[in-house]
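One structure is given here, and the rest of the page talks about it.
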There are 2 protein chains.
Amino acid sequence: MGVTIKQIAETVGVSAATVSRALNGLPGVGPRVRKRIASEAARRGYSPDAHARALVTGRVPFLALVVPDITNPFFPAVARGAEEEAALRGCSLLLVDTGDRPERLEHALDLLSSRRVAGLVLAVPAANGQAARIAGRVVMAGVDAPPRSRVPVVGVDDRLGGRLVGRHLAALGRRSLAFVSGPARDRSSRLRLAGLRDEIPRDLLGPVSHGRWTVESGREQGRALFRSSSPPDAIFAANDLLAIGVAQAASDAGLAVGRDVALVGYDDVEVAGLASVPLTTVSQPKLELGRVAARTLLDAIDGLDTPLPALLEPRLVVRRSCGSAPDFATREVP
Amino acid sequence: MGVTIKQIAETVGVSAATVSRALNGLPGVGPRVRKRIASEAARRGYSPDAHARALVTGRVPFLALVVPDITNPFFPAVARGAEEEAALRGCSLLLVDTGDRPERLEHALDLLSSRRVAGLVLAVPAANGQAARIAGRVVMAGVDAPPRSRVPVVGVDDRLGGRLVGRHLAALGRRSLAFVSGPARDRSSRLRLAGLRDEIPRDLLGPVSHGRWTVESGREQGRALFRSSSPPDAIFAANDLLAIGVAQAASDAGLAVGRDVALVGYDDVEVAGLASVPLTTVSQPKLELGRVAARTLLDAIDGLDTPLPALLEPRLVVRRSCGSAPDFATREVP
DNA sequence: TTGTACGCGTTATCAC
DNA sequence: GTGATAACGCGTACAA
């Protein structure tokens with residue numbers, strides 16, 4: 001550690017320039033010298049200083065992934081995918097957890113202006129004014145870009161996800177279907193519902209309710225449903241946490257999930273498969289999301305023509321919460 | 001973006017050195033010039049180049065956290081804690097997910113020699129030979145240091161965790177207690193069992209079995225237990241995933257967790273609270289682990305006398321899987 | 001094939 | 001109080 005190109009040059013008896021060329025595999029170095037340089041560098045454990053190199057080449061070997069909450073089971077997989085892809089291109093991945101605090105997002109943008117990182121993968125919504133300072137060095141992952149901003153977006157097709165659920169539920173022959181969701185203003189709420197509507201008969205859809213993306217909210221919304229005079233016999237919860245809450249409410253009401261009420265979630269977080277009645281749900285390609293987002297970003301940075309905004313495909317994972325039931329095993333439907 | 005100290009200097013009509021001093025709050029700049037420089041810098045959105053600064057100061061504003069699997073719910077919280085602490089000291093956090101591949105750990109060590117990062121928080125076990133190249137720039141978090149290596153360690157007191165469980169179970173008046181665990185070679189397996197033994201009557205402890213740290217393994221070990229002629233009426237599973245598996249096995253055997261069999265897990269991952277019978281478990285201070293590890297590392301880098309190896313305290317979280325049961329609410333016992 | 005010279009953007013050490 | 005000037009470690013025209 002602390003070995004410089006100059007020291008290598010000195011002991012080998014050549015100039016620093018030659019060492020640089022040799023180590024970077026550039027032409028114009030005799031095979032003999034090349035060998036000696038290589039072995040000397042290996043012996044002393046030389047490794048070029050990243051910052052000196054960044055300074056002269058203008059290329060920074062860092063990317064940052066900005067997430068609202070890394071403890072939310074959705075994001076670690078995205079992070080893993082992004083890191084894999086970044087590593088493939090010689091970059092390391094910074095993690096920025098905003099905890100939904102706006103000043104942390106500002107901090108992430110500062111990383112860009114101080115050139116700590118070459119680009120940002122934003123998995124949190126950004127405001128409009130912020131988009132200006134970041135042209136070409138940012139890609140959105142799973143969230144909308146600021147309006148009129150030309151920031152590339154990589155996302156998962158929520159409407160298709162809704163359709164997958166609709167098709168599955170329609171085939172079950174249930175009589176009344178309820179939709180339980182997060183905030184009405186969230187686009188994913190709306191798109192998942194729209195997809196559902198695409199695939200089911202009009203008169204099948206009963207109550208639609210909104211709340212937060214939490215277990216508690218699911219429990220409350222479920223309680224309200226089961227308390228009504230004509231409770232639904234099928235429920236689509238727009239994420240898994242809501243679904244867990246609905247399942248609790250069902251259990252409270254003495255109803256058996258999978259028999260008395262069919263239940264479908266969304267996201268396929270780990271707990272979905274471990275619930276008392278394993279949850280049929282829509283799996284998002286989280287790893288792929290991170291991977292494609294990182295790739296898109298790196299391409300944009302390299303000045304390659306930005307590929308089209310990517311829309312990845314979710315898939316239905318059938319478990320036992322709708323009554324069909326191959327034991328604890330999981331059957332996947334593409 | 002791309003604004004340099006020189007450009008600021010030119011438009012303000014001073015030298016680059018003065019701008020540097022002014023912006024860094026160093027003495028020796030007149031209040032008038034200082035103002036003008038500050039406002040000009042703000043106007044052009046100047047932000048110093050991190051790499052140029054690193055080059056000259058020798059201080060690198062990056063730390064790396066190395067984890068075996070970021071999708072394991074234990075690590076995101078550690079990451080969040082480490083990032084918070086790093087941010088407090090002006091550092092950003094790199095994430096390296098090894099996926100248990102040794103070459104990825106090597107890669108992390110390369111980050112150090114190329115000075116991409118100032119230090120490493122290792123949450124994966126490292127070999128002995130590797131410790132040499134990293135003296136003073138590494139701290140272990142939740143795993144043992146390589147033998148005879150003087151690398152600081154921050155961990156959680158597994159033996160105390162075992163004791164907390166033992167005390168709780170002993171008070172329940174059950175007749176036969178089984179211990180279900182991960183690999184016998186893992187130190188945490190052994191320490192948690194040792195702690196358990198500290199607190200329970202000798203003849204209470206029945207079968208001790210080992211497997212992997214997974215749901216499936218828990219289900220298998222549980223199945224074996226319930227199939228025996230004298231099944232236990234209490235079980236301590238050495239992590240939550242195992243406990244979930246045991247709960248499944250109990251359910252398969254027609255036994256009710258919390259009534260027929262008391263069950264305790266370990267880790268307090270999210271799913272523990274969401275299980276069909278919310279799980280009594282031992283919560284590890286994951287955030288704190290990351291925080292303290294990062295702090296220890298930064299202190300070591302700054303040459304401060306390395307604080308003593310830290311051993312954090314776990315705490316018992318009582319839910320419903322042992323029969324005592326304040327509804328779905330969670331009661332915490334310090 | 002190899003060496004010299006310069007610049008990347010910043011901080012630090014001198015003078016003045 | 002302020003301004004040259006020299007590093008920091010590396011890559012790269014250009015000259016030899």
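In what follows, every chain begins at residue 1, and chains take the letters A, B, ... in the order their sequences are listed. Computed over heavy atoms, backbone and side chain alike; hydrogens, waters and symmetry mates excluded.
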- Message: Would you say that B:D299 contacts B:R89 through its side chain, given a criterion of any heavy-atom pair below 4.5 Å between the two side chains?
- Response: yes

- Task: Could you run through nucleotides 3-16 of chain D and give me one letter per nucleotide, 5' to 3': B if any protein heavy atom sits under 4.0 Å from the base, S if only the sugar-phosphate is that close, - if neither?
- Result: BB---BBSBBB---

- Message: Looking at A:R101, I want to see if its CZ is surrounded by more than 12 non-hydrogen atoms of other residues, nucleotides or ligands under 6.0 Å.
- Response: yes

- With the side chain counted from C-beta on, respond yes when A:V3 and A:I8 share a heavy-atom pair under 4.5 Å apart, and no when they do not. yes

- Item | chain B footprint on DNA chain C, 5' to 3' - any atom under 4.0 Å from a heavy atom | C:dG9 to C:dT13

- Does a salt bridge link A:E83 with A:R291, judged by any charged N lying under 4.0 Å from a carboxylate O? no

Going by atom type alone, with no hydrogens or angles, which donor-acceptor pairs under 3.5 Å involve a side-chain atom of residues 67-80 of chain A and a protein atom two or more places apart or on another chain?
residue	atom	partner	partner atom	Å
A:D69	OD1	A:T71	N	2.9
A:D69	OD1	A:T71	OG1	2.6
A:D69	OD1	B:R80	NH2	3.3
A:D69	OD2	A:T71	OG1	3.3
A:N72	OD1	A:F74	N	2.9
A:R80	NE	B:D97	OD2	2.9
A:R80	NH2	B:D69	OD1	3.3
A:R80	NH2	B:D97	OD1	3.1
A:R80	NH2	B:D97	OD2	3.4

- Query: Listed in order of residue number, which residues of residues 28-45 of chain B have a non-hydrogen atom at under 4.0 Å from DNA chain C?
  - Reply: none

- Ignoring hydrogens and angles, tell me if any N or O in the side chain of B:H51 forms a donor-acceptor pair with the backbone of A:V60 under 3.5 Å. no

- Does a side-chain N-to-carboxylate-O contact under 4.0 Å join B:R187 and B:D158? no

- Task: Go through the steps to decide whether B:D110 and B:R115 satisfy the test salt bridge (Lys or Arg N to Asp or Glu O under 4.0 Å), and finish with yes or no.
- Result: CA-CA 8 Å; B:D110 289 346; B:R115 266 142 298 183; over 6 Å; no

- Task: Would you work out how much the helix from C:dT1-D:dA16 to C:dC16-D:dG1 bends between its ends, with each end axis defined by five base pairs, to 10 degrees?
- Result: 50°

- Task: Check side-chain hydrogen bond (donor to acceptor under 3.5 Å, both in side chains) between A:S188 and all other residues, then give those that pass, not counting sequence neighbours.
- Result: none

- Query: Would a distance-only check, ignoring hydrogens and angles, find a side-chain to backbone donor-acceptor pair under 3.5 Å from A:S20 to A:A16?
  - Reply: no

- Message: Whether B:E40 and B:R44 form a salt bridge (side-chain N of Lys/Arg under 4.0 Å from carboxylate O of Asp/Glu) is what I want to check.
- Response: yes

- Minimum side-chain heavy-atom gap B:D144-B:V153 below 4.5 Å: no

